[in-house]
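Every chain is numbered from 1 and lettered A, B, ... according to where its sequence line falls, protein lines coming before strand lines.
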Protein chains: 2
Amino acid sequence: MKKNGLANLDDDLAVERMSLAEIAAERLRELILIGKLPPGQPLSERELSERLRISRTPLREAIRELAAERLIDVLPNRRPQVADPSLEHIEDLFDVQAALEALAGRLFTKRATQEQIDELVAIHERFSKFPDDCEPLKFFRTDMAFHSAIVRGADNVALADTHRQYNAALFRARFMSSRQLRWRDITIAEHTEILDALCARDAERSAAALTTHLMSGRANQRMLDPDAD
Amino acid sequence: MKKNGLANLDDDLAVERMSLAEIAAERLRELILIGKLPPGQPLSERELSERLRISRTPLREAIRELAAERLIDVLPNRRPQVADPSLEHIEDLFDVQAALEALAGRLFTKRATQEQIDELVAIHERFSKFPDDCEPLKFFRTDMAFHSAIVRGADNVALADTHRQYNAALFRARFMSSRQLRWRDITIAEHTEILDALCARDAERSAAALTTHLMSGRANQRMLDPDAD
DNA sequence: AAAAGGTGTTTGGTATACAATTTTACCATT
DNA sequence: AATGGTAAAATTGTATACCAAACACCTTTT
């Protein structure tokens with residue numbers, strides 16, 4: 001007889017028990033992305049471990065994980081710091097993300113199922129009907145969902161993984177952009193072109209539209225005040 | 001004036017003060033890449049920490065670092081295992097690496113200095129003069145050096161970083177290929193075309209040549225026996 | 001004999017104590 | 001007052017002990 005009858009529910013959802021390190025990594029990632037832990041912020045292992053109610057060992061592993069994602073800079077014998085990428089570095093990230101999404105677009109035209117196309121259309125429908133005064137976070141999340149849906153349709157695990165990493169590194173930059181009304185209009189127009197190309201299963205047009213869209217984002221990023229930190 | 005005679009295992013790399021976790025990560029990465037720790041091999045934390053003469057804490061951090069690079073699979077409450085990617089997954093990795101190198105080629109044509117071009121030419125010179133019976137590892141290292149030099153010339157830190165990660169994940173596959181004489185001829189021919197395009201600073205031709213080259217590698221990989229482990 | 005269940009050993013997960021390093025603050029010297 | 005050095009405090013790096021979960025083997029039960 002099973003000792004733990006409650007676990008049956010979890011089994012159905014395939015929920016694996018997470019280690020404290022993984023939980024802490026997720027929580028830290030969230031704190032960094034929403035800006036509660038701002039760029040450049042030095043992180044004291046002791047203080048953080050107390051605030052998260054865990055010991056330093058799992059916290060250190062979480063920090064190392066985020067360091068591998070380049071969300072945290074860690075130097076030997078020094079306090080880890082929340083990454084504070086320069087404008088040039090952010091532009092570099094945009095260039096790579098553009099190449100990744102261009103590949104995703106090409107693969108999407110070859111591999112995506114009808115269901116995945118329908119899902120993408122549905123996301124875009126919701127997206128273009130948002131009022132101008134909708135919450136920035138809502139607009140932003142839907143924007144991200146659109147791009148993620150394309151990557152999912154590309155059916156390439158490695159690509160999805162790397163794309164997610166770059167999304168995290170670019171989170172702040174793209175979130176800042178999404179607050180501008182001007183940027184929202186551009187986004188919807190460019191998403192429409194991307195969706196058209198993907199539905200037509202035109203690989204090169206899809207790749208071009210996605211590259212253009214990311215380069216718009218990169219250029220828009222350049223306009224924002226680089227002094228902010 | 002060393003007080004602790006315990007930790008003198010890797011003093012040859014002591015130019016920079018590295019933590020034991022970093023040293024262990026490098027050592028483990030090497031052991032995995034050269035196949036001393038074969039794909040699928042379960043790793044006992046206690047046994048490994050004894051063999052590397054360190055305690056489990058820094059070893060665990062090293063394992064997490066390699067897990068972030070996808071060189072090791074780690075599941076909760078189970079032994080970490082050396083990653084054993086399927087043929088399909090390796091093909092996915094090739095697709096992403098091709099997109100990354102295509103971007104690197106484009107950026108190279110815009111940003112590379114004359115010195116970086118000269119360096120690339122020099123590498124290719126050495127490469128094409130290798131005799132057929134040269135050591136596989138020597139041929140392989142020079143092959144890698146060629147690709148890395150292109151990425152360096154692209155002057156994009158994020159791209160270089162991600163490219164290095166994918167190189168590690170594809171290490172075994174590409175090393176196996178480099179043992180075939182037929183593949184060597186193809187490599188030299190395709191490198192010549194890449195070099196031509198880069199020297200002409202033709203972005204699209206460079207990107208196309210690099211994509212073609214990586215797709216050759218991907219196709220060649222498919223020919224190799226997938227049963228080997 | 002086969003299957004279910006229990007027990008002991010092995011292994012990863014976490015906390016804590018200690019060592020080594022860096023940072024900070026203070027004092028002496030210029 | 002500015003500067004340099006040195007000691008104390010704070011912080012990271014490492015080792016070890018303990019806990020809980022997983023696995024293998026054996027016993028028990030049918």
Legend entry - d(CD, E61(B); P, dG12(C)) in whole Å: 16 Å
Inset, instruction - Side chain of E45(A) only, please: which of dT12(D), dC23(D), dA15(D) is the nearest? - result: dT12(D)
Inset, instruction - Figure out the CD1/P separation between I63(A) and dT12(D), and round it to whole Å. - result: 8 Å
Inset, instruction - For R53(A), answer base if it contacts any base atom (sugar-phosphate contacts may also be present), sugar-phosphate if it contacts only those atoms, and nothing otherwise; contact means non-hydrogen atoms under 4.0 Å. - result: nothing
Inset, instruction - Could you check which of dT12(D), dT16(D), dG13(C) has an atom nearest any side-chain atom of R60(B)? - result: dG13(C)
Inset, instruction - Would you indicate which nucleotide in dG12(C), dT22(C), dG13(D) comes nearest to any side-chain atom of R64(A)? - result: dG13(D)
Inset, instruction - Check whether any side-chain nitrogen or oxygen of R46(A) sits under 4.0 Å from OP1 or OP2 of dT16(C), and answer yes or no. - result: no
Inset, instruction - Using whole Å, report how far CG of L48(A) lies from P of dT11(D). - result: 12 Å
Inset, instruction - Quickly work out the E50(B) CD to dT10(C) P distance and round it to whole Å. - result: 13 Å
Inset, instruction - Tell me which of A21(A) and N77(A) sits closer to the 5' end of DNA chain C, going by the nucleotide each one is nearest to. - result: A21(A)
Inset, instruction - Answer with base, sugar-phosphate or nothing: what part of the nucleic acid does L43(B) contact at a heavy-atom distance below 4.0 Å? - result: sugar-phosphate
Inset, instruction - Figure out the CD/C1' separation between E47(A) and dA9(D), and round it to whole Å. - result: 17 Å
Inset, instruction - Please say whether the positively charged group of R184(A), taken as NZ for Lys or CZ for Arg, lies over the ring of F139(A), i.e. under 6.0 angstrom from the six-membered ring centre and within 45 degrees of the axis. - result: yes
Legend entry - Within 6.0 Å of CZ in R56(A), more than 12 heavy atoms from elsewhere: yes
Inset, instruction - Please report, rounded to the nearest Å, how far the P atom of dA21(D) is from the CG atom of L75(B). - result: 17 Å
Legend entry - F171(B)-Y166(B) aromatic ring centre distance below 6.0 Å: no
Legend entry - Residues that R64(A) engages under side-chain hydrogen bond (donor to acceptor under 3.5 Å, both in side chains), provided they are two or more places apart: none
Inset, instruction - Just compare dT14(C), dG12(C), dG13(D) and give me whichever is closest to any side-chain atom of S19(A). - result: dT14(C)
Inset, instruction - Look at the side chain of S44(A) and the base of dT12(D), then say whether one donor and one acceptor between them are separated by less than 3.5 Å. - result: no
Throw together a table of side-chain donor-acceptor distances under 3.5 angstrom for residues 98-105 of chain B, partners on residues two or more places apart or in other chains.
unit_1, atom_1, unit_2, atom_2, d
E101(B), OE1, H147(B), ND1, 2.7
E101(B), OE2, H147(B), ND1, 3.3
E101(B), OE2, H163(B), NE2, 2.8

Inset, instruction - Using a 4.0 Å heavy-atom cut-off across all strands, classify L59(B) as base, sugar-phosphate, or nothing. - result: nothing
Legend entry - DNA chain C: 5'-proximal contact among R56(A) and R79(A) (nearest heavy atom): R56(A)
Legend entry - For atom CD of E65(A) and atom P of dG13(C), their distance in whole Å: 13 Å
Legend entry - Atom-to-atom span, CG of L20(B) to P of dT12(D) - whole angstrom: 17 Å
